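Just so we're clear, the structure is a prediction, and the values are computed from it rather than from any experiment.
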Amino acid sequence: MKRLFAIGVFLCAGLSSPRLLAEVCHVTEQLAVAGTANDVMESCFEHRGMPAGSLDWSCNTEKSPVTGVHKEKRANCPSGHFGKCTAALTQETLANEDASGQFVQGTWPDPLPDDAQIVTYYYQAQDREQIRIDCENGGGKWSQ
C-alpha cells in the first residue's frame, strides 16, 4: 500500500510540474519578400519564472496590425530548432506594439521576478546569423 501511495504522489507531482503545464507561443510570419525559399519565419517563445498567463497578451493575434503574422498558444514548443535565445524578461519584452498603453488590469508582477526569462526557439529564418547577432546584442545568450 505504501508503494502505491508513493507512486501516486510521484505521478501527481510529475503531472503538476511547471514544465508539463507550460504555455508557449508559436509564431509564424509570412515575410514581405515572398517567393524565396525562406519566405516564412517560424519561432516559439516561453516565459520562465512568471505566473501562468503571462504570455496571453503578447501571444494575441486578434488585435495585431501586422498582416501575415499568426500566433498560437500551445502546451510546448516543437523540437527541431536551429537556435535558442535566452534573455532576461523585462516589462518591454512582456509588451508588444499592440500592448502599449492598453494593458490596464493585468497579472504581471511589478517588479518582475529577478529570474524571469524569455526563451525563444527559432525554426525558420531568412538570415540565421542575424538572428544570433540580434539575440546577443539584445543581452541574450545564444545556443543551439
Side-chain angles (χ1 to χ4, degrees), residues 1-33 38-144:
M1 189 61 136
K2 284 184 180 181
R3 187 171 194 177
L4 284 176
F5 178 74
I7 291 171
V9 168
F10 177 75
L11 286 174
C12 287
L15 291 174
S16 65
S17 73
R19 189 69 195 141
L20 292 176
L21 298 176
E23 290 181 333
V24 302
C25 186
H26 185 259
V27 182
T28 53
E29 180 179 353
Q30 186 70 37
L31 301 175
V33 183
N38 295 322
D39 60 352
V40 174
M41 181 164 174
E42 180 185 1
S43 62
C44 185
F45 67 89
E46 64 181 322
H47 294 167
R48 292 187 182 166
M50 290 292 290
S54 69
L55 61 76
D56 287 351
W57 190 263
S58 57
C59 195
N60 185 348
T61 304
E62 290 177 17
K63 298 178 184 176
S64 177
V66 181
T67 57
V69 175
H70 177 73
K71 299 177 183 179
E72 176 185 19
K73 280 180 63 175
R74 295 184 177 181
N76 51 42
C77 290
S79 61
H81 60 272
F82 69 82
K84 174 174 91 170
C85 182
T86 304
L89 187 62
T90 64
Q91 291 290 351
E92 283 182 19
T93 54
L94 272 175
N96 60 25
E97 65 277 359
D98 295 333
S100 181
Q102 297 178 22
F103 191 73
V104 180
Q105 293 293 332
T107 58
W108 298 340
D110 188 22
L112 295 175
D114 290 337
D115 63 342
Q117 296 179 317
I118 183 167
V119 180
T120 306
Y121 302 88
Y122 293 94
Y123 304 92
Q124 288 182 281
Q126 283 186 321
D127 190 343
R128 292 180 175 200
E129 183 62 17
Q130 188 61 50
I131 297 284
R132 182 190 64 78
I133 291 168
D134 291 347
C135 168
E136 292 171 346
N137 286 344
K141 180 182 176 202
W142 183 260
S143 60
Q144 299 294 332

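- With rounding to the nearest 0.5 angstrom, the NZ atom of K71 is 10.5 Å from the OG1 atom of T28.
- Side-chain contact between E46 and Y121 is present, with at least one heavy-atom pair separated by less than 4.5 Å.
- Here OG1 of T86 is found 6.0 Å from CD of Q117. Values are rounded to the nearest 0.5 Å.
- Residues passing the side chain to side chain donor-acceptor pair (under 3.5 Å) test with D134 are Q130, sequence neighbours excluded.
- Under the 2.5 Å SG-SG cutoff, C85 and C135 qualify as a close cysteine pair.
- Checking side-chain atoms of Y123 against main-chain N and O of M41 turns up no donor-acceptor pair under 3.5 Å.
- A cation-pi arrangement is absent between R128 and Y122 under the rule of less than 6.0 angstrom and at most 45 degrees off the ring axis.
- The two residues A87 and G140 come nearest to each other via the heavy atoms CB-CA, 3.8 Å.
- Between D115 and R48 there is no salt bridge, since none of the side-chain N atoms of the basic residue sits less than 4.0 Å from a carboxylate O of the acidic one.
- The shortest side-chain heavy-atom distance between V69 and Q30 does not fall under the 4.5 Å cut-off.
- Rounding to the nearest 0.5 Å gives a distance of 7.5 Å between CD1 of I133 and CG of D127.
- Counting heavy atoms from C-beta on, the side chains of P78 and C44 come closer than 4.5 Å.
- Between atom OG1 of residue T120 and atom NE2 of residue H81 there is a gap of 11.0 Å, rounded to the nearest 0.5 Å.
- Heavy atoms only, all atoms of each residue included: E23 and D56 are closest at OE1-OD1, 4.1 Å.
- The line from CD1 of I118 to OG of S58 is 6.5 Å long, rounded to the nearest 0.5 Å.
- K84 places a side-chain heavy atom less than 4.5 Å from the side chain of V119.
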For this session: Evaluate side chain to side chain contact (heavy atoms under 4.5 Å, CB included) for E29 paired with V40, printing each intermediate quantity in order.
Result: CA-CA 6 Å; E29 180 179 353; V40 174; over 6 Å; no
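- Taking a 6.0 Å sphere around CG of N137, one finds it holds more than 12 heavy atoms contributed by other residues, nucleotides or ligands.
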Problem set entry | side chain to side chain contact (heavy atoms under 4.5 Å, CB included) assessment of H70 paired with V27 | CA-CA 6 Å; H70 177 73; V27 182; over 6 Å; no
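- The CG atom of N60 lies 13.0 Å from the CD atom of E72; values are rounded to the nearest 0.5 Å.
- Side-chain contact between V24 and H47: absent, with no pair of heavy atoms (C-beta onward) separated by less than 4.5 Å.
- Within the 4.5 Å cutoff, side-chain heavy atoms of I131 are placed close to those of W142.
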Exercise. Could you walk me through whether H26 and E42 pass the side chain to side chain contact (heavy atoms under 4.5 Å, CB included) check?
Worked result: CA-CA 8 Å; H26 185 259; E42 180 185 1; 2.7 Å; yes
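- Surrounding NZ of K73 are more than 12 heavy atoms belonging to other residues, nucleotides or ligands, all under 6.0 Å away.
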